[in-house]
Engineer: 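Sharing a structure with you now.
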Amino acid sequence: MEVQLYVYDISKGLARQMSGQLLGIQIDAVYHTALVFGGIEYFFGSGVQTSYPGGTHHGRPMEVIPMGTTQLPLEVILEYLESLRAIYTTESYDLFLHNCNNFTNDFSMFLVGKGIPDHISSLPQTVLNTPFGQMLKPQLDNAMRGITQAPVPPNHVPQATARPQSIPNGLSSRPQTNMSISQKKEEVPGVVYRPTRLKQLDELLASARDSCAVIFFTSSTCAPCKIVYPAYDELAAEAGSKATLIKVDVNDAYEIGAKYQVRATPTFMTFIKGEKESEWSGANEAKLRGNVRLLIQMAHPPHPHTLLRLPTLQRLHKTPVTYTKIPPIEKLIAKMGPSGSNPAVGTLKEFITTRQQSGAVEAPLPNLPAITTFISKSFQTLPPESLFPIVDLFRLALVDPRVSGYYAEDASEIVFRILNTVNRLDMSCPYQLRIVTLHMACNLFTSQLFPIKLFLKPTYSAPLFQLVTSSLLDNEHPPVRVAASSLAFNMAASNHQQRMEGNADFLPESSQVELVASLLEAMGRERESKDGMRGLLLAVGLLKYMTAKGGEVDDLCEAVGAKGIITEAKGAFPDLKELAKEVEQVM
C-alpha cells in the first residue's frame with residue numbers, strides 16, 4: 001500500500017503572518033499531520049482517530065508527501081496501531097511535547113522505515129526555544145485543544161477500519177472480492193454466507209466436510225424469519241471457524257430450495273462431517289441457539305484437558321517475561337569504547353532515559369534505522385567481548401512495544417544477526433553476551449507482532465530455538481538457565497494463546513518436540529534455581545496442554561518418562577508443588 005503524509009496548517013496562515021512579531025523567528029505553519037493508506041486517514045488528537053482522507057475539520061491538506069510503500073499485512077499494521085493507542089491517549093495529548101506529529105513519526109517509522117520531515121517534528125522545540133514561546137506554552141496548549149482534539153464529522157468517520165473483507169461474490173452482503181472458498185473461510189471466520197446458486201452451496205458444504213454446517217432457509221417475505229436473523233448472525237460470530245453458517249433466500253435461489261424440498265420458512269438443516277444431521281422449522285430462537293451449539297460441540301468435542309481443573313494452564317498468559325532493569329547508562333556506554341561516541345548511541349540513551357523518567361508518552365522514538373546500521377556495523381567489526389553493552393542497550397529500548405514492533409517487521413534481520421552470532425560462538429560465547437542476548441530476545445515479545453514474524457519462517461525461528469535449547473542446558477551459569485526458561489515460557493505462551501483461541505499453533509509440531517525435549521532434560525538437571533524450574537514447568541505445561549493424543553509431543557513425553565521427571569522436580573522444589581501437579585495431569 002502507498003503511504004502518504006497529509007500536512008495541514010492549523011493556524012490557517014496566521015503563523016506565517018505573525019510569528020516574526022510574536023516569537024522573533026519566522027515559522028511557516030503550525031503543522032498537523034496524518035498518515036493515509038488503504039483509503040483511511042490516521043491521526044492523533046482525541047486519542048488515535050480515523051477519517052476518510054481529507055474528511056476532518058482541518059479541511060484539505062496544504063501538502064501531500066509520498067512516504068513510500070509498505071508491504072506489511074494489514075493485520076500486522078492494525079496490531080501495531082493497537083499498541084500505539086496505549087501511548088497516544090486523549091489525556092496524554094500535549095501540543096508541544098506529545099502531539100499528532102509524534103504519532104505520525106512513530107507510525108511512519110514502522111510502516112516505511114523513516115520518519116516525517118525534520119522541519120515538522122522539530123517545530124515545537126523551535127518555538128519553545130524562544131522566550132515568548134516558553135511563556136505562552138500553557139495558554140497555547142489549552143487554546144489549541146479545541147482544534148487539535150475536535151471530533152471527526154460523523155459522515156466522515158469510517159464505519160470500520162481499513163481491513164478488507166474477503167468474501168467471494170454473491171456469498172455475503174459484506175464487501176466482496178473474488179477468492180476461493182477455502183481462502184475465504186480461512187481468512188474471514190464467523191460470517192453468514194449467502195449462496196444463490198446450487199454450485200456455490202455445494203462448495204460451501206464441501207469446505208465444511210471436516211466440520212459442520214447450518215443452512216437457514218428464509219425468504220424476503222417471511223416475517224418470522226427476521227426475528228431470528230440477529231441470533232443467527234451472533235451464532236456465526238460465536239462459531240468462528242468451527243462451523244459454516246449459510247443463509248439461503250429461496251426466492252432468489254429457487255434451484256436450492258427445490259433440491260432440498262423446502263416447503264416452509266424458516267427451515268433449518270444441519271450437517272456434520274458431510275452428512276445431514278437434523279432439520280426443523282419455526283422461528284424459535286432458543287431452539288436455534290441450542291441446536292447450533294450442540295452441533296458444534298459434536299463436531300468439535302472438547303479436549304480432555306479442558307475438563308480438568310488447571311487454573312494456571314487454562315488461562316491466557318498475555319504478559320511476557322521481560323528484563324527491564326536499567327544499569328548505570330554511562331558506565332554501560334563507557335564499556336563500548338570508541339563506539340560509545342556514535343550518534344546512534346546518544347539517541348538510544350536519550351530515549352531510554354526519558355522513558356524511564358517520564359514514561360513512554362514523553363519519549364519519542366529515536367532514529368531506529370540509524371541504530372540498526374550502528375548495531376550491524378558493530379557486529380561486523382568488534383570482537384565478541386565488546387558486543388554485550390551494545391546488545392544490553394538495545395535490550396532496554398525493546399521494552400517499548402513501538403521499538404519491538406519495528407524490529408519485528410522492518411528490521412528483523414539485525415535481531416537474527418545477533419542471535420546467529422551468539423549461536424555460532426556456541427561454548428566460546430562470552431557469558432555476558434549470551435545472557436543479555438537472552439534478555440533481549442525476551443523483550444522482543446513486548447510486541448505481539450514478534451511471535452507472528454518469528455514463527456512464520458523457519459529461517460527466523462531456527463536461531464531462536466538454537467539459542468534457547470543450548471542455553472537451557474548451560475551447567476555453569478544458573479542465570480543463563482533462568483533467562484532461557486523465561487524465553488521458552490514466552491514462546492510457549494504465544495503458542496498456547498493461539499491454541500486457546502481456536503487457531504492453528506504458531507509452532508510446528510517438530511519444533512514443539514525439540515523444545516519440550518530440551519525443557520524436560522533441563523528440568524531433570526535443575527536443582528539450584530526455583531525461578532528457573534518455575535519457567536521450565538510453565539513452558540512444558542503450556543506446550544503440552546491440549547496437544548493431540550498420540551501426537552509427536554505426546555509420544556516424546558511418554559518415551560522420556562515426563563511424569564517421573566516432573567515428580568522429581570516437585571520433590572526438589574516443594575514451593576512449586578501445585579504448578580507441578582497441574583503439569584503432571586496433562587502428561
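Index from 1, following the sequence.
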Engineer: Please round to the nearest 0.5 Å and tell me the distance separating atom CD of Gln49 and atom OG1 of Thr56.
Structural biologist: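 One gets 9.0 Å once the value is rounded to the nearest 0.5 Å.
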Engineer: Looking at Arg85 and Glu82, is any side-chain nitrogen of the basic one under 4.0 Å from a carboxylate oxygen of the acidic one?
Structural biologist: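 A salt bridge is present here (some side-chain N lies under 4.0 Å from a carboxylate O).
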Engineer: Determine, step by step, whether Leu5 and Leu35 satisfy the side-chain contact (heavy atoms from CB on, under 4.5 Å) criterion, reporting the C-alpha distance in whole Å, the side-chain angles of both residues, the deciding distance to 0.1 Å, and the verdict.
Structural biologist: CA-CA 5 Å; Leu5 181 71; Leu35 285 181; 3.9 Å; yes
Engineer: Determine, step by step, whether Ser494 and Phe450 satisfy the side-chain contact (heavy atoms from CB on, under 4.5 Å) criterion, reporting the C-alpha distance in whole Å, the side-chain angles of both residues, the deciding distance to 0.1 Å, and the verdict.
Structural biologist: CA-CA 10 Å; Ser494 297; Phe450 184 69; over 6 Å; no
Engineer: Of all heavy-atom pairs between Thr244 and Ala208, which one has the smallest distance, and what is that distance?
Structural biologist: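 Taking Thr244 first and Ala208 second, the nearest heavy atoms are OG1-CB, 3.7 Å.
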Engineer: Any side-chain heavy atom of Tyr260 within less than 4.5 Å of one from Val250?
Structural biologist: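 No, every pair of side-chain atoms sits at 4.5 Å or beyond.
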Engineer: Could you tell me whether Glu255 atom CD has more than 12 heavy atoms of other residues or ligands within 6.0 Å of it?
Structural biologist: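 Yes, enclosed.
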Engineer: Suppose we call two aromatic rings close when their centres sit under 6.0 Å apart. Are Tyr6 and His58 close by that rule?
Structural biologist: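 No, the ring of Tyr6 stays outside the 6.0 Å limit from the ring of His58, centre to centre.
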Engineer: When you measure from the side chain of Asn251 to the backbone N and O of Ser219, does any donor-acceptor pair fall under 3.5 Å?
Structural biologist: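 No: the side chain of Asn251 does not pair with the backbone of Ser219.
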Engineer: For side-chain contact (heavy atoms from CB on, under 4.5 Å), just list the numbers for Lys581 and Glu584, CA-CA rounded to whole Å, side-chain angles, deciding distance to a tenth of an Å, and then say yes or no.
Structural biologist: CA-CA 5 Å; Lys581 281 182 179 179; Glu584 273 183 320; 4.3 Å; yes
Engineer: How far apart are the closest heavy atoms of Ala213 and Leu295, and which atoms are they?
Structural biologist: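 Scanning both residues, the minimum pair turns out to be O-CD2, 3.7 Å.
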Engineer: With side chains defined as the heavy atoms from C-beta onward, is the minimum distance between Lys544 and Val583 less than 4.5 Å?
Structural biologist: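 A side-chain contact is absent here, since even the closest heavy-atom pair is not under 4.5 Å.
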Engineer: Rounded to the nearest 0.5 Å, what separation is found between the OG atom of Ser486 and the CG atom of Asn443?
Structural biologist: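 So the gap between those two atoms works out to 10.5 Å.
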Engineer: Could you give the distance from NZ (Lys273) to CZ (Arg209), rounded to the nearest 0.5 Å?
Structural biologist: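 If I round to the nearest 0.5 Å, the distance is 11.5 Å.
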Engineer: Which heavy atom in Gln512 sits nearest to a heavy atom in Leu543, and how many Å separate them?
Structural biologist: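 Between these two residues, the closest heavy atoms are OE1-O, 3.9 Å.
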Engineer: Does CD belonging to Glu275 count more than 12 external heavy atoms closer than 6.0 Å?
Structural biologist: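 At most 12 heavy atoms, drawn from other residues, nucleotides or ligands, come within 6.0 Å of this atom.
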Engineer: Can you tell me how far the OG atom of Ser207 sits from the OH atom of Tyr193, to the nearest 0.5 Å?
Structural biologist: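 Answer for the OG-OH pair, Ser207 versus Tyr193, is 7.5 Å.
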Engineer: Report yes if the side chains of Ile246 and Leu205 come closer than 4.5 Å at any heavy-atom pair, otherwise no.
Structural biologist: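 The answer is yes, as the side chains (C-beta and beyond) meet within the 4.5 Å cut-off.
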Engineer: To the nearest 0.5 Å, tell me how far Leu398 CG sits from Thr322 OG1.
Structural biologist: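 Those atoms lie 11.0 Å apart.
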Engineer: ring-ring contact (aromatic ring centres under 6.0 Å, His included) with Tyr42: which of Phe103, Tyr88, Phe37, Tyr80?
Structural biologist: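 One option only clears the test, and that one is Phe37.
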Engineer: Side chains of Lys259 and Asp202, heavy atoms from C-beta outward: is any pair under 4.5 Å?
Structural biologist: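 Heavy-atom side-chain distance check passes, below 4.5 Å.
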Engineer: Are Arg289 and Glu285 ion-paired here, with the side-chain N under 4.0 Å from a carboxylate O?
Structural biologist: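 Between Glu285 and Arg289 there is a salt bridge, with a charged N closer than 4.0 Å to a carboxylate O.
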Engineer: Which pair of non-hydrogen atoms, one from Leu515 and one from Met491, has the smallest distance, and what is that distance?
Structural biologist: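 Where Leu515 meets Met491 most closely, the heavy atoms are CD2-CE, 4.4 Å.
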Engineer: Walk me through whether Tyr93 and Phe44 qualify under ring-ring contact (aromatic ring centres under 6.0 Å, His included).
Structural biologist: CA-CA 8 Å; Tyr93 188 93; Phe44 172 47; 5.2 Å; yes
Engineer: Is there a side-chain contact between Leu467 and Leu487 (heavy atoms, below 4.5 Å)?
Structural biologist: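 Leu467 reaches Leu487 side chain to side chain.
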Engineer: Between Phe216 and Leu245, is a side-chain contact (heavy atoms from CB on, under 4.5 Å) present by the stated rule, with each step listed?
Structural biologist: CA-CA 8 Å; Phe216 176 1; Leu245 271 68; over 6 Å; no
Engineer: List in chain and number order the residues that pass side-chain hydrogen bond (donor to acceptor under 3.5 Å, both in side chains) with Gln314, two or more places apart in sequence or in another chain; answer none if no residue qualifies.
Structural biologist: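 side-chain hydrogen bond (donor to acceptor under 3.5 Å, both in side chains) check on Gln314 returns nothing, list empty.
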Engineer: Quick one: are Arg293 and Leu235 in side-chain contact, heavy atoms under 4.5 Å?
Structural biologist: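 The answer is yes, as the side chains (C-beta and beyond) meet within the 4.5 Å cut-off.
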Engineer: Within the side chain of Glu582, is there an N or O that forms a donor-acceptor pair under 3.5 Å with the backbone of Thr312?
Structural biologist: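 Flag set: sc Glu582 to bb Thr312 pair under 3.5 Å.
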Engineer: Hey, is the main chain of Glu234 close enough, under 3.5 Å, to the side chain of Glu238 for a donor-acceptor pair?
Structural biologist: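 No: the side chain of Glu238 does not pair with the backbone of Glu234.
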Engineer: For Lys577, does the NZ atom sit with more than 12 other heavy atoms under 6.0 Å from it, leaving out its own atoms?
Structural biologist: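 Result for NZ/Lys577: open.
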Engineer: Over 60° means perpendicular and under 30° means parallel, so classify the ring planes of Tyr545 and His496, tilted if in between.
Structural biologist: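 It falls in the tilted class, 30° to 60°.
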Engineer: Under 3.5 Å, which donor-acceptor pairs do the side chains of residues 263-272 form with other protein atoms, sequence neighbours left out?
Structural biologist:
residue	atom	partner	partner atom	Å
Thr267	OG1	Ala264	O	2.6
Thr267	OG1	Ser281	OG	3.0
Thr270	OG1	Ser278	N	3.1
Thr270	OG1	Ser278	OG	2.7

Engineer: Checking Thr70 side chain against Val112 main chain: does a donor-acceptor pair fall under 3.5 Å?
Structural biologist: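 No, the answer is negative, given that no donor and acceptor are paired below the 3.5 Å cut-off.
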Engineer: Any non-hydrogen side-chain atom of His317 less than 4.5 Å from a side-chain atom of Asn490?
Structural biologist: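 SC-SC contact between His317 and Asn490 ruled out.
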Engineer: Grab the two heavy atoms, one from Gln497 and one from Leu316, that are nearest each other, plus how far apart they are.
Structural biologist: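 What the structure gives for the nearest pair is CA-CD2, 3.8 Å.
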Engineer: Would you call Ile566 and Leu537 a side-chain contact if the rule is heavy atoms closer than 4.5 Å?
Structural biologist: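 Ile566 reaches Leu537 side chain to side chain.
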Engineer: By the side-chain hydrogen bond (donor to acceptor under 3.5 Å, both in side chains) test, which pairs, at least two apart or in different chains, include something from residues 301-311?
Structural biologist: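 Every candidate side-chain hydrogen bond (donor to acceptor under 3.5 Å, both in side chains) pair involving residues 301-311 fails, so no pair, neighbours aside, qualifies.
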Engineer: Does the Thr469 side chain pair with the main chain of Gln466, one donor and one acceptor, at a distance under 3.5 Å?
Structural biologist: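 Judged by distance alone, yes, a pair lies under 3.5 Å.
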Engineer: If you count heavy atoms of other groups shown closer than 6.0 angstrom to CD of Glu509, is the number above 12?
Structural biologist: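 Correct, the count exceeds 12.
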Engineer: Within the side chain of Glu2, is there an N or O that forms a donor-acceptor pair under 3.5 Å with the backbone of Pro66?
Structural biologist: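 Checking the backbone N and O of Pro66 against the side chain of Glu2, no donor-acceptor pair under 3.5 Å is found.
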Engineer: Which heavy atom of Leu520 sits nearest to which heavy atom of Cys557, and what is that distance?
Structural biologist: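 Closest pair (atom of Leu520, atom of Cys557, distance): CD1-SG, 4.4 Å.
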Engineer: State the CD1-NZ distance between Ile215 and Lys276, to the nearest 0.5 angstrom.
Structural biologist: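 Answer for the CD1-NZ pair, Ile215 versus Lys276, is 9.0 Å.
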